[in-house]
Structures are given as structure tokens and as C-alpha cells.
Amino acid sequence: MTIEGERIVQVGRTAPRNVEVQDLGNVALIPGLINTHTHLEFSDLKKPLGKRGVSLPDWVRLVISRRQQRTKTSQAIAKGCVELLAQGVTTAGEISTADPSAYPCVGPTPRLVVFQEAIGFSQARANSSLNAVKNRLDVAQETLRATTGSVTHSADLRYRLGVSPHAPYSVSPPLIRELVSTASQRGLPVTMHLAESPEEIELLREGKGPFQKLLEERGMWDLWAIPRGSLAMDYIRMMTLAPRALLVHGNFLDHQALAMMGRHVVSMSLVYCPRSHGFFGYPEYPLADALSLGVRVCLGTDSRASNPDLSLLSEMREVVRRHPHVSVETVLRMGTMSGAEALGVEHAVGGIRPGLLADLTTVPLPTVQGNAYDKLTAILHDTAAPTNTWLAGQLVSSTA
């Protein structure tokens, strides 16, 4: 592979004459990994919150408590950015409630699509929540003007914007529609947690259960916010109006809902967080059904609040372990190009071909015989972490 400046210009078996050649050794050189869902504010946690098998409402209480204790969000975010690069991740979808100034503006950082999160279940809070998101978007755009002279959303920029209605149990349908409309007007992607737990499904269908109690505790319960008998499909339908939509988790999406996502594959993606799914002890993920219906599936780590680290390669290996009938090529694509397509940066990152930015990582190659398929299988059954990461052709992390 030949790199000139920031981009790949040639891929082949022989090197051009009169160029410096660097032999990387016995490693696999793969595209920089793309983590489409994380919350970097929790990157300073040493272990997940709660015990394995904790219910999602009880875990949310722990998250709320943790946020109330936090004083150094920017330091946690910076730590997360360093960890992402060390794990071979060069692009990430980040959910944020922080001011744009909390994100690193100097030194190497992954390319971030920063989704401004909104929470507002009751009708009384809808306008203030919507205005808060619009204000954060405006501030972030002004920050981009000051640092780059542009507010375009070129994939070359390290910091891009998006909108995130948090989840059905924390954002009312009218507010979700307003947020999607705002994103559409600004040409921004939208991401939302959906069908994450049985308690969420119960709240949508019956308007009661553990999430209803949690909302009452928080002074957010609104009896009329969600029509009784609501389904995940109702929320997918709202998200079809977004320029790009990422539905996160989807642990309990049924065949009909996945079929709807498959019909909107051009603009809609499903984000699977395998180890977070395992942390909560949920039943088998509907991955085979999603793939068979043509759903674009990409991967995320969620956060250190439900995961021991931010290694996307470990998520890929977890997919191989849990879903042995899914091909390793599909798993590699889930961690690279599918994520790029989901975030709208496929024209710049996610693969190795001429014209793309040279965002790359190396993984030690186990000693195996055979073709590239066998080597990829060996990597995804191994435990070795990435050793080098390049961002636009520049080495930004190395443990070699």
C-alpha cells in the first residue's frame, strides 16, 4: 500500500520505485476500526457500574448518580480518546451532554461524530430540551468556525455533529419528532437507543413497570406522553425521516421491526454492542435475522459503564464467539465500512482503497497457514490487541 500525504494512492503486490518502504512485520494491516456508539464521559471508570445481570432501570439509576458526582468530564473524554486510538479505533460515534469545549482540540484524537443528547419525557420539558440541543449545536458550529473556518461536515474534519434523542423511556414522541426535524434541517445524523430492555417494551405497551417508577422518582412521568400499545416500530417510523439514523442496541427488535429497517437500509443502521448486551444478561441477539433482512449492522462498545474497555476488536471477537455462523468477512465489515456508512463517512474512511484517508491499524498475525480468510479467522479468534494506529497517514498510537 502506498500513501501520499493523508490518503491511500495505491494498493498492490509491488511498491513503486524510489519510495521509502516500511515493513510492518508479521501483522495484519486493516482499516481503522469504527466504533459507532460510545459515551466517553465514563472513560475514567475502572469497571462497569453494577453487577452483571443488573436491570436496565437500576443501572440507569447508577448512571444518574455517577453523573451527579462528576466534576472532570473533559479529562474522562480525553482519556477515552487516547484509549480508542490505542485500540485501533479511528472514528467514533459519541453521545454527548457536554459542552463542545470538553472535547480535545489539540493532539491526536479519533474522528468524532458527536451526537448532542436530549432527555425530556414530559411535555413540560420538551421545549427546554429541544432548545438546549439547538444551543449546543450552535455553540459547536461556532467552535468549528473558529478552529477550521468552516461549518461543513466534511469527513476530513475531526469533529462532526449529530442529534440524539436518548431513548423512548426518556424522550417523548413529540420531542423525538422535533429533534429529527432539527437534524433534517441541518443535514445531521440521528442516533437513539431503542428496544434495549424488556422494561422499555413494557413501558411502551402498557405505560407501567420499572421505567414508569423511575420516571416518577425523577419528576418526569407524564401519563399521556406515550400512547398505550406503542411498539419499537413506531419509533423506527419516526427515525425514517432523518438523513441518517442509527438505532442503538435493538436487543428486543422483532422480525417486523427489523424488516422495516431493512427496507430503509440506505439511511438506517442498527448498532450492536455485544459485550454490553452480555453484561445485562439478555437472550440471544437477533443478528442472524437482521442480516438476512438486509439490515446494515455495525458495532459499538457503549461505555465503560457497561463494558470493561473501549476495544472494538473485542466486540468483533465477541460477535464471532456468539454468532459462529456469521462469516468473518461480515464481522470485519461490521467493524469498519458498515460503521462508516452508518455515520456518513464512507467516502473517506472504513476501507483500504485508493482515495480513502489512510486511517489504519495493525493487529499481530497468529502463525497460521493458508489464505487471507484463514488469517482473518485466526485474528478474530485471538486475543492480541492492535499495535499501531495511523490517522490520515500519521502514526498516532503505537505499542509495538
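With respect to Glu41 and Arg66, no salt bridge is recorded, no charged nitrogen being found less than 4.0 Å from a carboxylate O. A salt bridge links Arg275 with Asp309: the distance from a Lys NZ or Arg NE/NH1/NH2 to an Asp or Glu carboxylate oxygen falls below 4.0 Å. The pair Glu346-Arg296 does not meet the salt-bridge criterion, since no charged nitrogen lies less than 4.0 angstrom from a carboxylate oxygen. A salt bridge links Arg111 with Asp359: at least one charged nitrogen is closer than 4.0 Å to a carboxylate oxygen. A salt bridge is defined here as a Lys NZ or Arg NE, NH1 or NH2 lying under 4.0 Å from an Asp or Glu carboxylate O, and Glu341 with Arg333 meets this definition. For Arg321 and Glu318, the salt-bridge test passes: some basic side-chain N is under 4.0 Å from an acidic carboxylate O. Remark: Asp382 does not engage Lys375 in a salt bridge, criterion side-chain N to carboxylate O under 4.0 Å.
Proximity of Gln10 to Pro354: side-chain heavy atoms (C-beta onward) are nowhere separated by under 4.5 Å. Side chains of Pro173 and Arg177 form a contact here, defined as non-hydrogen atoms less than 4.5 Å apart. Residues His37 and Leu246 form no side-chain contact, since every pair of their non-hydrogen atoms from C-beta on lies 4.5 Å or further apart. Leu137 is listed as a side-chain neighbour of Leu188, based on a closest heavy-atom distance under 4.5 Å. Taking 4.5 Å as the limit, some side-chain heavy atom of Ile352 sits within range of a side-chain heavy atom of Val11. Within the 4.5 Å cutoff, no side-chain heavy atoms of Thr182 are placed close to those of Val133. Val326 has its side chain out of reach of Val320: every pair of non-hydrogen atoms, C-beta onward, lies at least 4.5 Å apart. In this structure the side chain of Leu299 reaches within 4.5 angstrom of the side chain of Pro274, judged on heavy atoms.
The main-chain N or O of Leu310 is found under 3.5 Å from a side-chain atom of Glu83 such that the two form a donor-acceptor pair. No side-chain donor-acceptor contact under 3.5 Å links His264 to the backbone of Val295. Judged purely by atom type and a 3.5 angstrom limit, Glu6 has no side-chain atom pairing as donor or acceptor with the backbone of Gly393. Although no hydrogens or angles enter the test, the distance criterion places a donor-acceptor pair under 3.5 Å between the side chain of Asp234 and the main chain of Leu231. Although no hydrogens or angles enter the test, the distance criterion places a donor-acceptor pair under 3.5 Å between the side chain of Arg228 and the main chain of Ile226. A distance-only check finds a donor-acceptor pair linking the side chain of Thr38 to the backbone of Asp302 [under 3.5 Å]. The backbone N or O of Ala92 sits nowhere less than 3.5 Å from a side-chain atom of Asn35 that would complete a donor-acceptor pair. Looking at Thr361, its side chain does come within 3.5 Å of a backbone N or O of Asn388 through a donor-acceptor pair. Checked by atom type and distance alone, the side chain of Trp59 pairs as donor or acceptor with a backbone atom of Ala305 at under 3.5 Å.
Surrounding CD of Glu217 are more than 12 heavy atoms belonging to other residues, nucleotides or ligands, all under 6.0 Å away. Other residues, nucleotides and ligands contribute at most 12 non-hydrogen atoms within 6.0 Å of the CZ atom of Arg353. Within 6.0 Å of CD in Gln256 there are 12 or fewer heavy atoms belonging to other residues, nucleotides or ligands. In this structure, Glu4 places its CD atom where only 12 or fewer heavy-atom neighbours from other residues, nucleotides or ligands lie under 6.0 Å away. By the neighbour-count criterion of 12 heavy atoms within 6.0 Å, atom CZ of Arg322 is densely surrounded, having more than that number from other residues, nucleotides or ligands. In the displayed structure, Glu216 atom CD is contacted under 6.0 Å by more than 12 heavy atoms of other residues, nucleotides or ligands.
The only option from Leu287, Val319, Thr330 that meets the side-chain contact (heavy atoms from CB on, under 4.5 Å) definition with Val297 turns out to be Leu287.
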Dump the intermediate steps for side-chain contact (heavy atoms from CB on, under 4.5 Å) on Leu56 and Phe211, then the final yes or no. CA-CA 9 Å; Leu56 188 63; Phe211 268 125; 3.8 Å; yes

Output, in order, the C-alpha distance, side-chain angles, deciding distance and verdict of side-chain contact (heavy atoms from CB on, under 4.5 Å) for Tyr285 and His249. CA-CA 9 Å; Tyr285 192 79; His249 298 303; 5.8 Å; no

Given Ser129 and Leu175, is the side-chain contact (heavy atoms from CB on, under 4.5 Å) satisfied, shown in steps? CA-CA 8 Å; Ser129 297; Leu175 178 54; 3.8 Å; yes

Could you walk me through whether Leu258 and Leu270 pass the side-chain contact (heavy atoms from CB on, under 4.5 Å) check? CA-CA 9 Å; Leu258 291 170; Leu270 176 62; 4.1 Å; yes

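For Asn307 and Glu315, the side-chain atoms include at least one donor-acceptor pair closer than 3.5 Å. In this structure, a donor-acceptor pair under 3.5 Å is absent between the side chains of Ser96 and Glu94. Between the side chains of Thr191 and Ser164, no donor-acceptor pair is found at a separation under 3.5 Å. Side-chain atoms of Ser65 and Gln69 include a donor-acceptor pair closer than 3.5 Å. For the residue pair Ser306 and Ser276, a side-chain donor N or O sits within less than 3.5 Å of a side-chain acceptor on the partner.
Note: Tyr272 and His323 meet the aromatic proximity criterion, with ring centroids under 6.0 Å apart. Ring centroids of His166 and His193 are separated by less than 6.0 Å, placing the two rings close together.
Linking ILVMFWY residues whenever their side-chain heavy atoms come closer than 4.5 Å, directly or via other members, leaves Leu357 and Leu29 in distinct clusters.
Rounded to the nearest 0.5 angstrom, Leu253 CG and Met261 CE are separated by 6.5 Å. Atoms CG and CD1, from Leu40 and Ile95 in turn, are 10.0 Å apart once rounded to the nearest 0.5 Å. One distance of note links CZ of Arg304 with CG of Leu45; it measures 8.0 Å at 0.5 Å rounding. For the atom pair CG of Leu203 and CH2 of Trp221, the computed distance is 5.5 Å after rounding to the nearest 0.5 Å. The line from CG of Leu215 to OH of Tyr169 is 10.0 Å long, rounded to the nearest 0.5 Å. Rounding to the nearest 0.5 Å gives a distance of 13.5 Å between CD1 of Ile176 and OG of Ser181.
Scanning both residues, Ala28 and Ile379, for their nearest heavy atoms gives CB-CD1, 3.3 Å. The shortest heavy-atom contact between Ser55 and Glu199 is CB-OE2, 3.6 Å. Taking all atoms of both residues into account, the shortest heavy-atom contact from Glu200 to Glu196 is OE1-N, 3.2 Å.
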